[in-house]
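This structure is a prediction, so every number in the text was calculated from the model and none was measured.
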Amino acid sequence: MNLSLLRWVLDPRTSLLARRIRKNRGHEMSPDTAWRLARLQLHPDEVPYRNHGHGPPS
């Protein structure tokens with residue numbers, strides 16, 4: 001099972017928001033980045049995970 005399908009099955013709300021974010025930005029953002037951004041918008045309690053090394057590469 002690929003990652004996109006798994007994400008749709010486990011959290012369709014986040015996946016829909018990620019598609020909307022990506023569409024609004026003209027598809028300039030990768031699907032993975034859009035999904036992470038959507039995840040943090042819908043689940044702000046997960047921000048500490050991003051702050052401890054799970055953020056975008058520098």
Side-chain angles (χ1 to χ4, degrees):
M1 183 179 283
N2 70 23
L3 184 58
S4 297
L5 180 59
L6 183 62
R7 285 179 173 171
W8 272 102
V9 169
L10 294 177
D11 197 350
R13 187 172 161 216
T14 300
S15 297
L16 286 171
L17 180 58
R19 285 185 69 185
R20 190 175 312 132
I21 289 170
R22 196 160 177 252
K23 180 183 172 191
N24 290 341
R25 297 202 180 179
H27 297 283
E28 297 171 354
M29 175 182 297
S30 75
D32 191 47
T33 303
W35 196 88
R36 289 178 185 174
L37 186 62
R39 185 75 186 169
L40 291 176
Q41 285 181 9
L42 292 174
H43 304 280
D45 56 315
E46 294 182 5
V47 170
Y49 293 112
R50 186 194 68 188
N51 294 339
H52 290 286
H54 294 280
S58 51

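- Ser4 is linked by a side chain to side chain donor-acceptor pair (under 3.5 Å) to nothing, counting only residues two or more places apart in sequence or in another chain.
- Pairs of residues two or more places apart, or lying in two chains, that qualify as salt bridge (Lys or Arg N to Asp or Glu O under 4.0 Å) and include a residue from residues 3-22 are Arg7-Asp32, Asp11-Arg39.
- Screening Leu17, Leu40, Thr14 for a side-chain contact (heavy atoms from CB on, under 4.5 Å) involving Trp35 leaves a single residue, Thr14.
- Side-chain heavy atoms closer than 4.5 Å link hydrophobic residues (I, L, V, M, F, W, Y) into clusters, and following such links, even through other members, never connects Trp8 to Leu3.
- Expressed to the nearest 0.5 Å, how far CD1 of Ile21 lies from CG of Asn24 amounts to 8.0 Å.
- Closest approach of Leu37 and Met29 over heavy atoms only: CD2-CE, 4.3 Å.
- Thr33 contributes atom OG1, which lies 10.0 Å from atom CZ of Arg25 (distance to the nearest 0.5 angstrom).
- The shortest non-hydrogen separation linking Ala38 to Ala18 is CB-N, 3.7 Å.
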